[in-house]
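Okay, so here's the structure we're looking at.
Heavy-atom basis, side chains included; hydrogens, waters and symmetry copies ignored. Residue numbering restarts at 1 for every chain, and letters A, B, ... go by the order of the sequence lines.
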2 protein chains.
Amino acid sequence: MKMHNPPHPGEVLKELCIEPLNLTVTEAAEALGISRKTLSAILNGRAGISPEMAIRLGKAFDTSPESWLNQQMQYDLWQAEQAVGNIEVKRLSVA
Amino acid sequence: MKMHNPPHPGEVLKELCIEPLNLTVTEAAEALGISRKTLSAILNGRAGISPEMAIRLGKAFDTSPESWLNQQMQYDLWQAEQAVGNIEVKRLSVA
DNA sequence: TAACCAGTAACGTTATGGGTTACAATCTGT
DNA sequence: ACAGATTGTAACCCATAACGTTACTGGTTA
């Protein structure tokens, strides 16, 4: 039932992009055109990947913005499912 | 180059879910457990699909929350790409 | 020791989701 | 034509979140 909680995209960013290239947070932030604080927040899971940030990451690391936003979506969805236990919604489908 | 602007998920929701079932906005909002105003905003493209809303839509219409969030992601990404013309980002990839 | 690096707290700005209430316009059925 | 339902939307409130600057603190290293 795919019950594994998805990693925060910031972790992936750190482990797959920043660390392999031996980049400091300061350097990376500068290259991305954002503040050191903002990147730090992302890397430490205290901020999500915004659409604009996904574009920046895509350009910097030559990846697709969608891949970043997809990870973020999986993460957010998981969080939301945990947060709201069972919402009361009437079924409206034909089934 | 896939230069078509993605439809707002609200349009899709209206055309594929609300209208086919002959639901009024008021009824649908009530069934979803949200305010009429909130649903109206979504249907008219003035609000996006939040993760929690995607869960509600998934339960109500027996669809996957991911499908709604995916549409929202495509829409947001396209908007962001239009908004920020060309952001200045240094390339950090190995290539 | 001095320089750099990272996390983070404090503060402000802007944007967005969501709720309630209320009003005006439009259907719709009797 | 009149009454009720339906809808968009404005006004106002609240909470959250992204982003920035400044500044402090602790750790690492040349």
Side-chain angles (χ1 to χ4, degrees), chain A residues 8-11 13-15 17-19 21-60 65 68-69 71-73 75-84 87-89 92, chain B residues 8-11 13-15 17-19 21-60 65 68-69 71-73 75-84 87-89 92:
Chain A
H8 188 284
E11 289 181 39
L13 177 59
K14 181 192 289 182
E15 294 168 11
C17 300
I18 308 292
E19 290 178 349
L21 293 176
N22 277 319
L23 291 170
T24 68
V25 175
T26 308
E27 283 172 340
E30 190 175 291
L32 287 165
I34 61 178
S35 76
R36 180 171 67 85
K37 171 195 164 152
T38 298
L39 180 56
S40 176
I42 293 174
L43 294 178
N44 290 286
R46 278 175 298 97
I49 308 285
S50 66
E52 187 192 315
M53 195 62 65
I55 294 174
R56 291 182 189 273
L57 293 176
K59 290 192 176 183
W68 295 107
L69 288 183
Q71 292 179 56
Q72 186 63 49
M73 183 188 75
Y75 182 82
D76 288 342
L77 186 52
W78 166 269
Q79 296 297 323
E81 274 167 350
Q82 305 303 309
V84 292
I87 352 182
E88 38 343 296
V89 172
L92 295 175
Chain B
H8 188 283
E11 289 181 38
L13 176 59
K14 181 192 289 182
E15 294 169 11
C17 299
I18 307 292
E19 290 178 347
L21 292 175
N22 277 319
L23 292 169
T24 67
V25 175
T26 308
E27 283 172 339
E30 189 175 291
L32 287 166
I34 62 178
S35 77
R36 180 172 67 84
K37 171 198 161 144
T38 299
L39 181 55
S40 176
I42 292 174
L43 294 178
N44 291 286
R46 278 175 299 98
I49 308 285
S50 66
E52 186 191 314
M53 195 61 66
I55 294 175
R56 290 182 189 274
L57 293 176
K59 290 192 176 184
W68 295 106
L69 287 183
Q71 291 180 55
Q72 186 62 49
M73 182 188 77
Y75 181 82
D76 288 343
L77 186 53
W78 197 85
Q79 295 297 321
E81 274 166 352
Q82 304 305 308
V84 293
I87 353 183
E88 37 344 297
V89 172
L92 295 175

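For the OP1/OP2 pair of dG8(D) and a distance below 4.0 Å, the side-chain nitrogens and oxygens of Ser40(B) include at least one atom meeting the criterion. Within the 4.0 Å cut-off from OP1 or OP2 of dT9(D), at least one side-chain nitrogen or oxygen of Arg46(B) is found.
Separating the CD atom of Glu27(A) from the C1' atom of dC5(C) is a distance of 10 Å, rounded to the nearest angstrom. Distance, Ile42(A) CD1 to dG7(C) P: 12 Å, rounded to whole Å. The CG atom of Leu43(B) sits 9 Å away from the P atom of dT7(D) (whole-angstrom rounding). Look at CG on Asn44(A): it is 16 Å from P on dA17(D), rounded to the nearest Å. Atoms NZ (Lys37(B)) and P (dT9(D)) sit 11 Å apart, rounded to a whole Å. The distance from atom CG of Leu23(B) to atom P of dA5(D) is 18 Å, rounded to the nearest whole Å. In this entry the distance linking CD1 of Ile18(B) with C1' of dT7(D) reads 13 Å, nearest Å.
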What side-chain donor-acceptor pairs closer than 3.5 Å can you find for residues 38-49 of chain B, not counting sequence neighbours?
{"unit_1": "Thr38(B)", "atom_1": "OG1", "unit_2": "Ser35(B)", "atom_2": "OG", "d": "2.9"}
{"unit_1": "Ser40(B)", "atom_1": "OG", "unit_2": "Asn44(B)", "atom_2": "ND2", "d": "3.4"}
{"unit_1": "Asn44(B)", "atom_1": "ND2", "unit_2": "Ser40(B)", "atom_2": "O", "d": "2.8"}

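As judged by a 4.0 angstrom heavy-atom cut-off over every strand, Ser35(B) is placed among the base-contacting residues. Residue Ser50(B) is in sugar-phosphate contact alone, with no base atom involved, counting any heavy-atom pair closer than 4.0 Å across all strands shown. Counting any heavy atom pair closer than 4.0 Å across all strands shown, Thr24(A) reaches sugar-phosphate atoms only and no base atom.
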Taking only N/O atoms, report every protein-nucleotides 26-30 of chain C pair under 3.5 Å with atom names and distance.
none

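Each end of the helix from dT1(C)-dA30(D) to dT30(C)-dA1(D) gets its own axis, taken as the rotation carrying the C1' atoms of four end pairs onto the next four within a five-pair window, and the two axes meet at 30° to the nearest 10 degrees.
Here the side chain of Arg36(B) is nearest to one of dT9(D), dC19(D), dG19(C), namely dT9(D). For Thr26(B), taking side-chain heavy atoms from C-beta onward, the closest of the listed nucleotides dA22(C), dA6(C), dT6(D) is dT6(D).
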